[in-house]
Each structure stands twice: as structure tokens, then as C-alpha cells.
S.K.: 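Have a look at this one before I ask anything.
To find a chain, count down the sequence lines: A is the first, B the second, and so on, and within it residues start at 1.
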Amino acid sequence: MSVRVRFAPSPTGYLHIGSARTALYNYLYARKTGGKFLLRIEDTDLARSTEESTRSILDGLAWLGLEHDEEIVFQSNNADKHRETARQLLAEGKAYRDFTPKEAVTEKTVKEAIVERARQTERNHRDNQFRDLSEVESETRVASGEPFAIRLKVPQAGKTSFEDAVYGLQERDYSDTEDLVLLRSDGHPLYNLAVVCDDIEMGITHVIRGQDHLTNTHKQLLIYQALGVTPPKFAHLPLILAPNKGKLSKRKHGEVVSLTTYRDNGFVPAAFRNFLALLGWSAGEEKEIYSLEELIEKFSLDHIHRSNAIFNFHENDPRHWTDDKALWMNAEYIRTMPLEELLPLVKAELKSAKLWREEYNSISDLGFGIADMASQKGDAGDSEQISDPASHTQNQEWYERTVDLIRQRFFTLKDFSSQGRAYFSEDYDFDPAAVAKNLTKFPDLREWLPELADRFEAEFDDTERMGSSRAFTEEHIEIVVKAFTEEKGTKLGVIMNGARTLLTGVAVGPSMLSVFETIGKDRTIMRLRSQVAWNA
RNA sequence: GACCGGUUCGUCUAGGGGUCUAGGACACCGCCCUUUCACGGCGGCAACACGGGUUCAAAUCCCGUACCGGUUACCA
């Protein structure tokens, strides 16, 4: 029989990174085995389920590239079938009506009430007074309109057992399992019933889910048993914990646990997917970077861990706002992935930062008038429209070279619009630390840098494109800058770093010669003459 | 409380009786490269929870303890 797995989130919030990993493992297993990866939205808790949340889950899966097969199943659509199943079990004597009045519980005390009740000395799970109520009396009570829940009649003696693909043999004595409620007194089917019914209905062969369901499995097994259906195989996944080994929750830990945070903060989907895959599973080799194809090829249930993993983010530390390894992996992807795959991601980032220009799409650098381009720029001020002399060189080729150049030191896609802003716009900020370190520390630069601009202007005239003059390239720039440095009797670093700060606003970046060339002659000259940074 | 799991560097992990004076990655630190750096290169720090067994031999098998987690709902 071919494999059919499912990811079954309840749409009560954003997509949690733990759930995302569960989805990923299901996906990998399905693709690995040539099976189907199905999606089921468990929206039976109508009070908490929202459409927005469903949307966000779908978006998250799409972002990670986990395409599901077949139609999405909405559990709420199956409620009638669930009820029917419960009635069937009732009719067969495998379940019974419990007329015990429903306890009124307030949200806050639910957990406490459970613990409280559990602490009471040894409960006998079979002592429900309605368990063996005669059919006649049961019907009489129903006829009189008395509300009831339907509970599964768990056998008196025996045990449930199953071989978990991750945790091995699991056994549980019946006496440790209560007569679980299948149908609420208001007719609402409960989780364990719904899951079993739907998994049967969907022909699920392998249930891969969080370890928090490990003990639920025994209850579900009892339902399969009552229904006379062979249960699927189970594989439970270790949990992902917060740094304090506690539960990773939005309420306590905020945005770091939401998958969308990573999308919105410049993560490359493949990088985060790679990171997630390695949180709780390993191929058993000394390798960290895996393409999706490799993950599919290497993935197997028996290399999944049994111990929980800590998601090691640091609150209140902007540089380590999420797990360091995730950050590192993202940087690794940004600087090593094929450029053509990175380009569209950077384009999207520049677009959302309003830094994208249509020229980056054009192969030719001819035929674009400056006025033409100025009119396409939404955010430019008056003066900038006139003085945007570099535009004519900023075509697709320039864009690709620039991205390739600056990606080496970036951690997220956001860096292209923040750290790398100066490459794409005249409107960029100066890092005060960089200004202090590279400019104000050397007051002479205030004279020298504009002077260097004059030198560039003289050395590289406008006929460069006709080949009659030296082009503004690294090789030639180096000659000019070195001569200038010697003239001033200073160190090359002083000039270079001062120029770097003026040209890019920051203290770090690629080789300064390539920065000059990339920024281009006209913009370089303009920026070297600018006093903005000095006055800031 | 009961039941069920888990425990290898700070974190993710390799390992499944001898090849382990425990390997890799991230982070951190140092050195090198260099016009800067968060790139790159080299190196360093750092772990088998504890106690008993079994065995010629245990990180690996068994038992106990400790600690952590999950479940214990007419939530999912």
C-alpha cells in the first residue's frame, strides 16, 4: 500500500515553527516514499479557529515549499460523520451515554482543575455510574430530554500497545486510560474521535506528529479497536523547546516562534527549511547544508531523535534574535546559493523597501533618458531626480553584479535594503560608529575626500565609454587613489575607510575598489563631496 | 500524584560494547589575510547527568536515583 501522510494543524493562530517542522517531516517522508502528503485543517474548535489563521498556515507551507497533494480536508465538514461513528459505537455497545452534568469550567482554571483532580488518590476509570446503565433506562433518560455525552467503553482488562517508529514499543494498561468522551453533550465531536475518523477516511498510513500526542495514541488505538480498523503506523517527534526548556509559546516568547517572522525578516525559505530539518533529525553525516532533494533522499524515520531540542534564541539581543545556527545557515545560503535563485528574493526585498527600479530588468543600458527614469522613481526628491547621474549604468547586469558583490557579508535579505541601501538609493543613513571611527577621527578627510572627487573627475572624463579615456574600474581607481594617498602622506586605509563611510554609510563591506566601481563614477564623486555625514 | 518519555560541549548533533585521550556544526576566543568587516584560512575553549551492576572491555547493555519534558479536559 502506498504511503499517505497528513499534516493536521488546528487554525488557532500563526504557524508555529514546531508545527512547520512536523509538516516538513511529513512532506519529506511522503516524497521519499513516493506517497501522498495531505493537509487537514482541524477546525473543530470553532471558538478559537479563524480563517485568517488557516490562511497563514497555508502561506507558511507555501513559503517553505511544502506543496500538499489532493484537496484540503476541513475537519469541521466531517462532524456529521464523526457523530454517526459515535452513535454506531453506542449502538454496538462499545460506547455509553454519560448523563453526568457537564462541569462548568472557566478558561483560566482548566489546567489547574485537571491537575487538582489528577492529584486525588487513584481514580478508577471504570467507575462511571452510567457505564452499565440498562438500555431501557438510558433511552428513558434520553426521551425525557436529559443531555448526555458519549464515552468510549474501555475494556476492563488489557493494554494497548504499538511500535512507534521513533520511540519504540509503547504499552499502556487500560486501567490508565479513562473512558474518553467521544461526543460532547451538545453533540460536538471531540478531538480523538475526529482524528481517528478522518485518518481512516483519508486512508492515512503513517501518522507523524508531535510527541505531545504520544499518550493520546493509546486512546486513539482504543477507538480503532472498537471500530475494527487496523491503525496506521505512528511516529512521534521530539518537541522543540524554549531556551529554559519550557514550552515554546507565542504568549511567552513572541514572534520568534512564528514561521511568518522568518519570512518577514529576510530568511531564504530553503535555509530555514534546512535548519528545521536538522532540528531533531540528522542524516548521520558531518554535513549541514542540504538541498530539498538531498533531504528527501536522506530522510528516514529511524534517524529522528528521541530527545527534545532547544530553540536557542536570545531575547533582547538584536544580533542573536533567533537561533544562531538558523542565522548562520541563512547567511550561508545567501552567499553560496546560485545567484539566479537569490536575485528574485532580493528583488522582492528591494521592492518592498521601495528601492527597486525597472532598469534592473533591462539588459541594455541604452535608450533610457534620465528624465525617463526619474519619473519612474516614486520616492525621489526634486534634487535627486536631476542628480541621478548613475542611472544610465544601472541595468540588469549592474544589479546582478552588485548583489553578487554585497551578498558575501549579509545575514538576511533585509540587509540588502538596510546595510546595502546605499547601493540602490541616494537616501541612506550613516552609522554613527562608522562616522566616528573613519571620518571625524581624521579631520583632514573633510578636505581630502572632496579633493579626491575632483581628482576622479579629472582622471575619468565622460568620454570613457568611447574608449578614449580610462574607465572607472578597480584597476584604474587603484592607481589614482594610491597616488593621491602618497601625495597626502597618509595611509591608504585612512582614505579607503573614509570613502567607504561616505559612500556606503557603514564601516563594513567588500573591497573598497569594487565599491567605487559599483557605486559608479558620478555617484562616487557626488558622495565624496557631500558634507551630510560630517554634519550629522 | 499517576502513567509515558528523555538526558553526549552553551546550542544543534555524530556515535548503538573495543577504531572515543568522544567527531562535526553554530556561538565564543585567538592568530592569519586585508584598505574595513560580520567573508575566507588556521587554531583554541568546551560534553558522555549521578550511583551501582554485567563484561577482558561501557558514552554505548541492565537496575536505581536526580533532573527535564509530555499526558492526565464534554481543548486541539
S.K.: NA contact type, A:D173, heavy-atom cut-off 4.0 Å: base, sugar-phosphate, or nothing?
M.R.: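 No contact at all - A:D173 keeps every heavy atom at 4.0 Å or more from the nucleic acid.
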
S.K.: Nearest to the side chain of A:R48, heavy atoms from C-beta on, is which of B:A76, B:C74, B:U36?
M.R.: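 Nearest to the side-chain atoms of A:R48, counting from C-beta on, is B:A76.
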
S.K.: Return no unless some side-chain N or O of A:R407 is found under 4.0 Å from OP1 or OP2 of B:C39.
M.R.: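 False: A:R407 side-chain N/O out of range (4.0 Å or more) of B:C39 OP1/OP2.
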
S.K.: Picking from B:C74, B:U35, B:A76, which would you name as closest to the side chain of A:S185?
M.R.: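 Within the option list, the nearest is B:C74.
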
S.K.: Might you confirm whether atom CD of A:E171 has over 12 heavy atoms from other residues, nucleotides or ligands at distances under 6.0 Å?
M.R.: yes

S.K.: Looking at A:R401 and A:D404, does any basic side-chain N land under 4.0 Å from a carboxylate oxygen?
M.R.: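 Salt bridge: no.
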
S.K.: Report yes if a side-chain nitrogen or oxygen of A:H314 is closer than 4.0 Å to either non-bridging phosphate oxygen (OP1 or OP2) of B:A27; otherwise report no.
M.R.: no

S.K.: Counting heavy atoms from C-beta on, name the nucleotide in B:G23, B:C12, B:G6 closest to the side chain of A:K325.
M.R.: B:C12

S.K.: May I ask you to list the residues of residues 273-281 of chain A, by number, that have any heavy atom positioned under 4.0 Å from an atom of RNA chain B?
M.R.: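 Residues of residues 273-281 of chain A that come under 4.0 Å of RNA chain B are, in numerical order, A:L278, A:L279, A:G280.
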
S.K.: Would you classify A:S49 as touching base, sugar-phosphate or nothing, given that sugar-phosphate means primed atoms plus P, OP1 and OP2, and contacts are heavy atoms under 4.0 Å?
M.R.: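 A:S49: no heavy atom of the nucleic acid under 4.0 Å.
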
S.K.: Return the nearest nucleotide to the side chain of A:W328; candidates are B:G15, B:C74, B:A25.
M.R.: B:A25

S.K.: Provide the Watson-Crick or G-U wobble partner of B:C39, both distances under 3.5 Å; none if there is no partner.
M.R.: none

S.K.: Does the side chain of A:T215 get closer than 4.0 angstrom to OP1 or OP2 of B:U72 through an N or O atom?
M.R.: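 No.
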
S.K.: Does any nucleotide pair with B:U71 by Watson-Crick or G-U wobble geometry, both distances under 3.5 Å, and what is it?
M.R.: B:A2

S.K.: Using Watson-Crick or G-U wobble geometry with both distances below 3.5 Å, tell me the partner of B:C50, or none.
M.R.: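 The answer is B:G64, by the H-bond criterion.
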
S.K.: Counting side-chain heavy atoms from CB outward, which of B:A25, B:G70, B:C75 is closest to A:D212?
M.R.: B:G70

S.K.: If you only use heavy atoms from C-beta on, which nucleotide in B:A25, B:A76, B:G69 is closest to the side chain of A:Y191?
M.R.: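 Of the candidates, B:A76 comes closest.
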
S.K.: Is any N or O donor-acceptor pair between the side chain of A:N192 and the base of B:A76 shorter than 3.5 Å?
M.R.: no

S.K.: Considering only side-chain heavy atoms of A:V181, which listed nucleotide, B:C74, B:C3, B:U35, is closest?
M.R.: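 Nucleotide nearest to A:V181's side chain: B:C74.
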
S.K.: Would you measure the distance from the P atom in B:U60 across to the matching atom in B:C9 and give it in whole Å?
M.R.: 14 Å

S.K.: Consider the side chain of A:A309, meaning its heavy atoms from C-beta on, and name the nucleotide among B:C12, B:G70, B:A76 that approaches it most closely.
M.R.: B:C12

S.K.: Looking at A:E487 and A:R455, is there a salt bridge between them, counting it only when a charged N and a carboxylate O are closer than 4.0 Å?
M.R.: yes

S.K.: Tell me which nucleotide, if any, is Watson-Crick or G-U wobble paired with B:U55 when both distances must be under 3.5 Å.
M.R.: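 Checking every strand shown, B:U55 finds no partner, since no pair has both distances under 3.5 Å.
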
S.K.: Does A:D186 come within less than 4.0 Å of A:R184, counting only side-chain N to carboxylate O?
M.R.: yes

S.K.: It should be established whether A:R151 places a side-chain nitrogen or oxygen under 4.0 Å from OP1 or OP2 of nucleotide B:C74.
M.R.: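 Answer is yes, contact under 4.0 Å.
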
S.K.: Scan A:F267, A:F275, A:Y14 and name whichever one has a ring pair (Phe, Tyr, Trp, His ring centres under 6.0 Å) with A:Y262.
M.R.: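 Of the listed options, the one satisfying the test is A:F267.
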
S.K.: Under a 3.5 Å cut-off for both contacts, is B:G17 paired Watson-Crick or G-U wobble with anything, and if yes, with which nucleotide?
M.R.: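 Its partner: none found.
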
S.K.: Counting heavy atoms from C-beta on, name the nucleotide in B:G15, B:A27, B:A76 closest to the side chain of A:D324.
M.R.: B:A27

S.K.: Is a donor-acceptor contact shorter than 3.5 angstrom present between the side chain of A:T501 and the base of B:U36?
M.R.: no

S.K.: Measure from the side chain of A:I310, starting at C-beta and using heavy atoms only, and say which of B:U13, B:U11, B:U35 lies closest.
M.R.: B:U11

S.K.: Is A:R500 touching bases, backbone alone, or none of the nucleic acid, heavy atoms closer than 4.0 Å?
M.R.: base

S.K.: Just N and O in the side chain of A:T44: are any of them under 4.0 Å from OP1 or OP2 of B:A76?
M.R.: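 A:T44 to B:A76 OP1/OP2: side-chain N or O found under 4.0 Å.
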
